[in-house]
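Have a look at the structure below before the remarks.
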Amino acid sequence: MAGGERAGDLLTTDAAAATPWRSAPEPGPGRLHEITFEAAEREMALFGPGDAPVRIWSYADKPFPVVRVSRGDRIRAEVHNRLPEHVSVHWHGLRIPNAMDGVQYLTQPPIQTGERFTYDFAPPDPGTFFFHPHCNESGQVGRGLAGIMVVEGDERVKPDGELILAVKDWRLGPDGRWLEFSTPQGASRGGTFGTRRSTNDQRAFAAEVPAAADLRVRLLNLDSSRVMEIGIEGAAAAIVAVDGHAVRPIPLDRSGQETWRMGPAMRLDLLVRTPKPGAVAKIVDYQSAEPWTVAALAATGKPRRRGALDADILYRPVFPEPDLAHAETLSWTFMAASDSVASFADAAGSDPAQRLLMDSLCVSERTYWAINKLSWPNAADRRLPPPLGVLTAGRTYRFELVNATPHPHPIHLHGHVFRVVSSSERARMPAYAADTVLLSPKERVEIAFVATAGDWMFHCHILEHLETGMMGYLRVV
Ligand code: C2O
Ligand code: CU
């Protein structure tokens, strides 16, 4: 399809393409990290002292706590729920056993108010990830309930520094009170947008960075709805990982990719050569009418490095490569729901496992969206639907994803890393892998992956879209 562009038609630096890509050494036995999360409401001045206090929801004493481990380490995370609604922790992008995937009703019972649940797993892939609950996401993540996970172990060459940038808009009124997180107008279109933009809970994020140094930037789009188009001004930079997984460096300038689009849930790792002392580099979102500065990096101190940026610092990723020659192809169309939409409930029949009562927080009042004409149930029918499809573990699947709507949709598959193979919009495609792929209006994208056993959610990551129908799951047996 799409003219048969080759994923091998790479946009990389010649130097990187010429050198063989080294694999990371196998990790040692690793450490055990015992973590406790208290999911609770906390009052804090979100944008710093001087701002009206906001009642945020968070897993720790601030929004977006960072969990940092190394590949080979094990995490035991006990979650205690002090919120008035049930929660879970879904570890977005991590290829971990299905029972640890954190999807209420599908992979675990909800963690009810006052209850505890312990997650126990070893993240297999290094990279930049995040975590969040999986019911009433627009309301819970909207109030800040999410966190960041960094899995180290992908750096062949150490950069001079690192910066995490978490971007999110907040739906706050001028008095610091929450506005409605979901609206029919937003949910049925591109999403309900926040009123205040932020990076790392600051309105205008600025940091001092060492001059002429190589800085690794881990950028996360943790917003519910916003699509960004990321570029850089005043510094040389290259994309070194997408959704956590290393790529051969893709220069973020006219010689490669000028900008990179990031929908909700997507991550981008950059290596930035910071400017000379006194100069400021800016990471910019060009998607909005007025370009918005994600971060201003002011260079200080003695210059650290000379010569051109060599961004080839990461090892090759470790996820299983799909076998495209023996792939089975399945096609999924992301569409508006219509009156003729088939209800999952009809298909569920009398299978008692499918008739589990669902909580009203996992479904919405309304249905606007569907995948292949099937919509996630709404409040009128709270049964767990049957899977969208049944796949065989160990096989390679090629998915054709078709956006039949006039809105962008970041499509996410749990528990897997997929190669993005082709796009109807892009003749030349850098070789990269992801867990979430942004479909532009009317775009058709092909992805490929090796299926792993479990029930894995498959949905749009605009939170109001998954809550109003654009969600299902795949059963891999
Ligand atoms: Cu961040 Cu169901 O995913
Ligand atoms: Cu969507």
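None of these values were measured; they are calculated from a predicted model. What you see below is based on every heavy atom in this structure, not just the backbone, and it leaves out hydrogens, waters and symmetry mates. Both ligands and their constituent atoms are indexed starting at 1 by order of listing.
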Which angle, to 10 degrees, forms at atom 1 (Cu) of ligand 1 with ND1 of His92 on one side and NE2 of His461 on the other?
-> 100°

Any N/O/S atom of [X] sitting less than 2.8 Å from atom 2 (Cu) of ligand 1, backbone or side chain?
X: His134; result: yes
X: His459; result: yes
X: His90; result: no

Is a salt bridge present between Asp73 and Arg68, judged by a nitrogen-to-oxygen distance below 4.0 Å?
-> no

Are Glu425 and Arg261 close enough for a salt bridge, meaning some N to O gap below 4.0 Å?
-> no

To the Cu ion (ligand 2), the closest N, O or S atom belonging to His465 is ND1

N, O or S atom within His409 nearest to the Cu ion (ligand 2), by name | ND1

Parallel, tilted or perpendicular, as decided by the 30° and 60° cut-offs, for the rings of Tyr473 and Trp376 | perpendicular

Kindly check if the number of other-residue, nucleotide or ligand heavy atoms within 6.0 Å of CZ (Arg196) is above 12?
-> yes

Is a side-chain donor-acceptor pair under 3.5 Å present for Ser58 with Arg42?
-> yes

Work out which heavy atom in Glu229 is nearest to a heavy atom in Asp285; give both atom names and the distance.
-> N-OD1, 2.9 Å

Could you tell me which N, O or S atom of His414 is nearest to atom 2 (Cu) of ligand 1?
-> NE2

